[in-house]
Amino acid sequence: MFIKRVANIKSSEITDEKLYHSRREFIRAASIAAVSVAAGVAMPDGLLADSQDRWPKGKKGPYDTDEEVNTYKEITTYNNFYEFGTDKSDPSEYAQNFKTSPWKVSVEGEVKRPKVYNLEDLLKPYTMEDRIYRHRCVEGWSMVIPWHGFPMSALIYRLEPTSKAKYVEFTTLLDPSQMPGQSRSYLDWPYREALRMDEAMNPLAFVATGLYGKSLPNQNGAPLRSVIPWKYGFKCCKSIVRIRFVETQPLTTWNESAPNEYGFYSNVNPEVDHPRWSQKTERRIGEFFKRKTLMFNGYADQVAGLYSGMDLKKYF
Ligand code: MTE
């Protein structure tokens, strides 16, 4: 995001991520193995955990991609969660003590029964499912993540927005005592994102409460976050405490901070470059070669109709 301008680029971003990690892990493994063999002791379990901890291959549900899923370690240590710092490794390091229970979610605005829900009551009616989605960041990296959660449409049906509701806005917790990044003013806190109602009702839009079949790690937005697979990652709002239905298009965090760089729609679109870099290709974390970015992140069949007749260069 724009803060990158001033940040130093880490060598892990220049070297291909997998080579970088595997080289480090190889050196580490080789030295531990050498010591272990010399000392006649068994290899520590944790050493092999990342390569073994792969989500089973293959498409299961109608919305899944059958591309290879990233490792649990990649998904949980390379994050954007500016409330915990701007480096990719900051969230996994600094979100460990973030308190996600008890948790309340306030439902407000153009809705029949505004209410503050305890998280357990909000989640109770839903059957959780796994969905393997492509995740594409505006910075040009991507992952494939097996989320665990339920369709956003199911939540919206139940909350019964009024006919005036045209957009739904999600807000992250504001608590600088727990989220050190919120004491700095690089974004206007709390983090806010929003969707047009028909986008939110699309069967691909998802509310995640977990990944890799486990509950959501703090760094990935515990205890609940939105997942919009055809949009750049910043449209997903982490650690949601407020869902508000509104009549007019809300101002969202990144759109407010740099309107020429981050539009309201933010659909993945290889034809519309970010003002400072191309969006034509992406680096899948764990791969060496860059791959071509797909329109709507590969979900055009399911979502292109939402934008028919719109100039996507103007409404980027
Ligand atoms: N939500 C909050 N509250 N704070 C953030 O900094 N970063 C966004 C999005 N949601 C962000 C957020 C960005 S830029 C991306 S790419 C995704 O979260 C990253 O999600 P991940 O860390 O689970 O991959």
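Atoms within a ligand are numbered from 1 in the order they appear, just like the ligands themselves. Position 1 is the first residue of the sequence; numbering continues from there. Because only heavy atoms are used, hydrogens play no part in the values below, and waters and symmetry mates are left out as well, while side chains stay in. Predicted model, so just to flag it, every value in this text is computed and none were measured.
The distance from atom OG1 of Thr65 to atom CZ of Arg134, rounded to the nearest 0.5 Å, is 4.0 Å. Between Asn70 atom CG and Arg284 atom CZ the span is 7.0 Å, to the nearest 0.5 Å.
At a heavy-atom cutoff of 4.0 Å, ligand 1 is contacted by the side chain of Arg225 but not by its backbone. With a 4.0 Å cut-off on non-hydrogen atoms, Phe81 touches ligand 1 through its backbone as well as its side chain. Using a 4.0 Å cut-off between heavy atoms, Glu83 contacts ligand 1 through its side chain alone, with no backbone atom that close. Proximity of Asn79 to ligand 1, defined as any heavy-atom pair under 4.0 Å, is shared by backbone and side chain alike.
For atom 6 (O) of ligand 1, the nearest non-hydrogen atom of the protein is Tyr82 N, 2.7 Å. Scanning all protein heavy atoms for the shortest distance to atom 16 (S) of ligand 1 gives Cys137 SG, 3.3 Å.
Residue-to-ligand polar distances place His135 within reach of ligand 1: an N/O pair is separated by less than 3.5 Å. Considering backbone and side-chain N/O of Asn80, one or more are found under 3.5 Å from N/O of ligand 1. Residue contacts with ligand 1: Gln219 is placed with no nitrogen or oxygen under 3.5 Å of a nitrogen or oxygen of the ligand (distance criterion only). Considering backbone and side-chain atoms together, Ile145 places no N or O closer than 3.5 Å to any N or O of ligand 1. Ligand 1 has no nitrogen or oxygen under 3.5 angstrom from a nitrogen or oxygen of Tyr78.
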_Verdict with supporting geometry, His148 and Tyr212, ring-ring contact (aromatic ring centres under 6.0 Å, His included)_ = CA-CA 7 Å; His148 186 69; Tyr212 255 85; over 10 Å; no
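A pairwise comparison of heavy atoms in Thr76 and Ser92 identifies O-CB, 3.3 Å as the closest pair. Smallest separation of non-hydrogen atoms from Trp189 and Leu174: CB-CD1, 3.7 Å.
Remark: Lys238 fails to qualify as a cation-pi partner of Phe84 under the 6.0 Å distance and 45° angle criteria applied to the six-membered ring. Under the 6.0 Å distance and 45° angle rule, Lys73 does not count as a cation-pi partner of Tyr78.
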